[in-house]
Amino acid sequence: MAKPVLSWGRAHSFDHDVHALPSTGPLDLNRVAEKGAPILAHGLGRSYGDVALNDGGHLLLTPRRDDFLTADWDTGVIRARSGLSLADLHQVTIPRGWFVAVTPGSKFVTLGGAVANDVHGKNHHQAGSFGVHVLAVGLVHSERGPLTLSRDEHPDLFALTIGGLGLTGFIDWVEIQLQPIASSNMDVENLAFDSLDGFFDLSLTSADWPYTVAWVDCFASGAHLGRGIFTRARFASEGPLNAALRKKGLKWPMTTPAFMMNRLSIGAFNWLYRNRPGARFTGEQSYDPFFYPLDAIQDWNKLYGSRGFYQHQSLIPPDAGRDGVTELLRAIGKSGQGSFLAVLKIHGPESSPGVMSFCREGVSLALDFANKGPKTLKLLDELDQITADHRGRTYPAKDGRMSAEFFKASYPRWVELEAARDPAFSSSFWRRVSA
């Protein structure tokens, strides 16, 4: 029976034949594939656009497949099923002095999703993306059966699976290298800067900090274009090793009326956020609010109204980064369609084996835009064009509307992924951009 499934951005909803996978036991992909429609794995549903959706096809829900298979607590090498979330991973690893080497901005992401999208975090300039720390992947292929992929075994398929958007087969388990930590607390500094030049200056002087990120006021203009709050942090050298409690926290009470998402309300929020006491903070903070501030609010994606929202995350090479971000911010300011959450950060050289990985050296800008129909889509197309003009690319995990032409130009090795794609697997995103 078909069931509608929403993207996290709530701008996409498609009907699927949904299969909740058992917690243990082998997978019989042929039993699903013989029904004719394409297959796709689906974790905790935090992809913003349509990369984890499969309109009219099958979705294999992975979260119940979340057990540890092996763990060496002396070396920090663990192997676990692909449905294990980072939240649950840390319940086990943090008390033992280990933390995932790279984490995105939500802990409600599965290991399989982290591999499929080769996620990145606030430490890309030092640690690269998630795929750098993946040692092996257990893949179930509809024609070839179970395979173990690594840099030594089936290396080409390994490289296409990391960042391969879940299209090379079903990722059943993942083996990763964790990083050691002495405390679950962070030493954090929040520093205000008055312009985009201030961001680049702080990034340069903060290169030895493992974690750096900035919030920017997308409506600032003139001499203050790109002003914001720069955050840098590292794990404390001593302290408790406490995993955050799995409490539900606050819940966004309703779907926000669309008329409330306007330049005035977003501008007021940006002023308050920049001038709040915590904007100029130096001290110790638990890892959970540092890495995952939005996870403290259930259903925060309803903030943008009943039509949902789009996220646009671009990455522009270093030599064009300053000019490119300047043009992006000017276009956003001119449009009046700003974002509460505008995130700017520096990326280092990418060392992940992932052929289709989004990350590479440069500067990225990520913003959420309430879906206001054609005017929002027009702005997003303009941002794509600015990104393309500066030799950049956008992130498939966040996308819900980029053109096939822009995707193919940004990811010329997409043809290799299409050639290696499991013939039983596809997605709404892939059919849209590979047509």
Side-chain angles (χ1 to χ4, degrees), residues 46 76-78 86-87 89-90 93-94 97-109 111 113-115 117-135 162-163 174 176-191 199-200 202-216 228-237 239 241 244 281-282 284-295 313 315-316 318 321 341 343-354 357-366 395 397-398:
R46 291 302 176 112
V77 174
I78 65 102
L86 299 188
L89 172 75
H90 288 149
T93 65
I94 288 176
W98 297 96
F99 194 82
V100 70
V102 170
T103 179
S106 175
K107 59 177 177 278
F108 300 119
V109 172
L111 291 181
V115 170
N117 295 289
D118 199 4
V119 299
H120 58 276
K122 299 176 178 69
N123 60 342
H124 188 272
H125 62 293
Q126 288 194 4
S129 59
F130 193 86
V132 176
H133 311 278
V134 174
L135 304 179
I162 295 174
V174 180
I176 58 173
Q177 173 67 62
L178 302 171
Q179 65 163 322
I181 57 172
S183 172
S184 54
N185 287 344
M186 314 287 296
D187 292 327
V188 180
E189 292 186 2
N190 289 338
L191 307 167
F199 163 77
F200 284 103
L202 280 168
S203 296
L204 186 63
T205 59
S206 303
D208 59 335
W209 287 74
Y211 300 97
T212 62
V213 68
W215 167 86
V216 295
I229 306 298
F230 189 94
T231 299
R232 56 192 186 189
R234 56 171 58 96
F235 277 99
S237 59
L241 287 167
F281 167 82
T282 298
E284 201 164 278
Q285 182 181 24
S286 171
Y287 78 94
D288 198 66
F290 172 76
F291 286 112
Y292 315 118
L294 286 175
D295 285 346
Q313 182 170 8
L315 177 61
I316 296 174
L341 303 168
V343 178
L344 188 62
K345 57 189 170 187
I346 296 293
H347 293 245
E350 180 55 83
S351 52
S352 168
S357 296
F358 162 69
C359 288
R360 59 185 179 183
E361 190 172 12
V363 56
S364 72
L365 177 66
Y395 192 15
K398 305 288 183 70

Starting at [atom1] of [X], measure out to [atom2] of [Y] and round the result to the nearest 0.5 Å.
X      : Y      : atom1 : atom2 : result
His347 : Cys359 : NE2   : SG    : 5.0 Å
Ser183 : Met186 : OG    : CE    : 9.0 Å
Thr93  : Trp98  : OG1   : CH2   : 10.0 Å
Thr282 : Asn190 : OG1   : CG    : 7.5 Å

Evaluate side-chain hydrogen bond (donor to acceptor under 3.5 Å, both in side chains) for Tyr211 paired with Thr231, printing each intermediate quantity in order.
CA-CA 8 Å; Tyr211 300 97; Thr231 299; over 6 Å; no
Pairing residues for Phe99 by the ring pair (Phe, Tyr, Trp, His ring centres under 6.0 Å) criterion, not counting sequence neighbours
His90, Phe235, Tyr287, Phe291
Close side-chain approach of Phe358 and Asp118, heavy atoms under 4.5 Å:
no
Would you check if Leu341 and Leu294 make a side-chain contact, meaning some heavy-atom pair closer than 4.5 Å?
yes
Chi angles and distances behind the side chain to side chain contact (heavy atoms under 4.5 Å, CB included) call for Phe200, Ile346
CA-CA 9 Å; Phe200 284 103; Ile346 296 293; 4.1 Å; yes
From CA spacing to verdict: side chain to side chain contact (heavy atoms under 4.5 Å, CB included), Val363, Leu315:
CA-CA 6 Å; Val363 56; Leu315 177 61; 5.7 Å; no
Listed by chain and number, what are the side-chain contact (heavy atoms from CB on, under 4.5 Å) partners of [X], not counting sequence neighbours?
X      : value
Val119 : Pro104, Ala114, Asn117, Phe130, Tyr395
Pro318 : Glu361
His125 : Thr212

Could you go through the side chain to side chain contact (heavy atoms under 4.5 Å, CB included) check for Ser129 and Glu350 one step at a time?
CA-CA 7 Å; Ser129 59; Glu350 180 55 83; 2.9 Å; yes
Step-by-step side chain to side chain contact (heavy atoms under 4.5 Å, CB included) determination, Asp295 to Arg46:
CA-CA 11 Å; Asp295 285 346; Arg46 291 302 176 112; 3.6 Å; yes
The side chain to side chain contact (heavy atoms under 4.5 Å, CB included) partner of Leu344 among Phe230, Phe199, Trp215 is Phe199
Under the salt bridge (charged side-chain N to carboxylate O under 4.0 Å, His left out) test, residues paired with Arg232 that sit two or more places apart:
Glu189
If the condition is salt bridge (charged side-chain N to carboxylate O under 4.0 Å, His left out), which residues does Asp288 pass it with, not counting sequence neighbours?
Lys107
Stepwise, does the side-chain hydrogen bond (donor to acceptor under 3.5 Å, both in side chains) test hold for Ser286 with Asn185?
CA-CA 4 Å; Ser286 171; Asn185 287 344; 4.6 Å; no
